[in-house]
Participant: 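What follows is a single structure, and I will ask about it in a moment.
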Amino acid sequence: PGDIGNPATFPFAVRYRMVPGTTYHDVVEALQEERLLVPFIAAAQALEQEGVCAITTSCGFLALFQRQLSAAVRVPVYTSALLQLPMIAAALPPGKRVGILTADSANLTPRHLAAAGASYCPVTVMGMEHTTEFSSFLREDRTSFDAEKCRQEHIEAALELIRRDPGIGAILLECTNMPPWALDIHLATRLPVYDFRTMLCGSRRPAGGLQHLTLGPADSFPLSAGPFWQFDSLFLRILHSSARAGSTNHTLTRFARMV
């Protein structure tokens, strides 16, 4: 539980929509707007036609599509946990910076921060592209992995991040597959840890009733660590890619209000 692809993460039913033909390489290493933007917009508009309340994506690097996707539909769009950067930076004491733990620091560029409205935010970036277990799990789109080894890799990366920059005041997890180890990172660093869950938890109805946004079943991954925070509130979630007949699909997620 805690991973975006595990329906057991959520205290309610979940539902997913796939955007076919996109791979880790397409989205993280070589995002080609001219090829990928049209199918993502089409999927978002199809979801809106189905009556969804909000839309998000399966990868923090899709912040590059934030403006175009939000302009294409009339419901809120949350492409990336990076959208939280201005809020986190504003909350920190003067001189403190946000540490970003990302799947691939070589490909997380100033363009991504600008697309998230965070060009001015003081950040230090630490990538996990050189890890042996977590990175290969993402790049190879495996359906199983060594959860304990991934946990250790996340702890080591977070500790190295604050060793490199003792001015880190909070940590943001860019990748949607990192939250299962958010609690471990928090316990190891004693810093607040943010991820897509903290961005997307939410609100209550005026009458005091609780609203949930739900997203639906797809391939899940057996993870041992629980989520960092349990929210009695509004959740939005996304699914990491899953293999289909030798190709990889990233997702836009369909949300339905529970009343």
Side-chain angles (χ1 to χ4, degrees), residues 1-6 9-12 14 16 27-28 40 44 47 52-70 73 75-92 97-103 108 112-123 125-126 154 158 168-183 185-186 191-204 210-215 226-240 250-257:
D3 184 273
I4 195 64
N6 190 341
T9 294
F10 313 106
F12 43 77
V14 294
Y16 301 98
V27 174
V28 174
F40 270 95
L47 295 177
V52 304
C53 299
I55 296 169
T56 188
T57 78
S58 64
C59 179
F61 281 77
L62 286 166
L64 291 177
F65 285 174
Q66 176 65 37
R67 177 181 57 83
Q68 299 93 322
L69 288 176
S70 61
V73 295
V75 297
V77 175
Y78 304 90
T79 56
S80 174
L82 297 174
L83 296 175
Q84 298 173 97
L85 279 170
M87 177 197 72
I88 302 169
L92 294 178
R97 287 170 294 283
V98 183
I100 301 175
L101 201 60
T102 177
L108 187 67
H112 294 88
L113 301 187
S119 295
Y120 63 90
C121 296
V123 301
V125 178
M126 180 74 186
H154 280 76
I168 296 295
I171 294 175
L172 172 65
L173 308 182
E174 167 275 318
C175 179
T176 61
N177 297 112
M178 291 178 173
W181 301 286
L183 177 59
I185 293 170
H186 166 67
L191 292 174
V193 176
Y194 297 81
D195 56 42
F196 69 95
R197 298 172 302 172
T198 57
M199 174 177 66
L200 301 170
C201 72
S203 58
R204 296 177 182 274
L210 185 63
Q211 298 182 69
H212 289 295
L213 296 183
T214 69
L215 62 155
F228 183 15
W229 287 287
Q230 296 287 345
F231 293 112
D232 180 21
S233 57
L234 190 72
F235 270 73
L236 303 175
R237 292 302 182 141
I238 62 177
L239 171 69
H240 184 70
H250 279 265
T251 65
L252 289 170
T253 304
R254 177 176 186 266
F255 298 99
R257 190 186 305 274

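Since the structure is predicted, the reported quantities are computational estimates derived from the model, not experimental observations. Any value given below was found using the heavy atoms of this structure, including those in side chains, with hydrogens, waters and symmetry copies removed.
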Participant: Working to the nearest 0.5 angstrom, can you tell me the gap between L172 CG and I88 CD1?
Facilitator: 4.5 Å
Participant: How long is the span from the OG atom in S80 to the CG atom in L85, to the nearest 0.5 Å?
Facilitator: 8.0 Å
Participant: Is there side-chain contact between V193 and L101, with heavy atoms separated by less than 4.5 Å?
Facilitator: no
Participant: How many angstroms lie between atom CG of L62 and atom CG of L82, to the nearest 0.5 angstrom?
Facilitator: 10.5 Å
Participant: Using side-chain heavy atoms (C-beta onward) and a distance below 4.5 Å, is I55 in contact with L69?
Facilitator: no
Participant: In this structure, which one of V28, T79, T176 forms a side chain to side chain contact (heavy atoms under 4.5 Å, CB included) with C59?
Facilitator: V28
Participant: Output yes when a side-chain donor or acceptor of Q66 lies under 3.5 Å from a complementary backbone atom of V77, and no otherwise.
Facilitator: yes
Participant: So which atom in Q84 and which in Y194 form the shortest heavy-atom distance, rounded to 0.1 Å?
Facilitator: OE1-CD2, 4.0 Å
Participant: Are the side chains of L173 and W181 in contact, using a 4.5 Å heavy-atom criterion?
Facilitator: no
Participant: To the nearest 0.5 angstrom, please state how far the CG atom of N177 sits from the CZ atom of F196.
Facilitator: 8.0 Å
Participant: Test your reading of the model: is there a side-chain donor-acceptor pair from E174 to the backbone of A81, 3.5 Å cut-off?
Facilitator: no
Participant: Can you tell me how far the OH atom of Y120 sits from the CG atom of L113, to the nearest 0.5 Å?
Facilitator: 11.0 Å
Participant: Which heavy-atom pair separates A89 from C121 by the least distance, and what is that distance?
Facilitator: CB-SG, 4.0 Å
Participant: Quick one: pull up CG in L92 and CE in M87 and give me the separation to the nearest 0.5 Å.
Facilitator: 9.5 Å
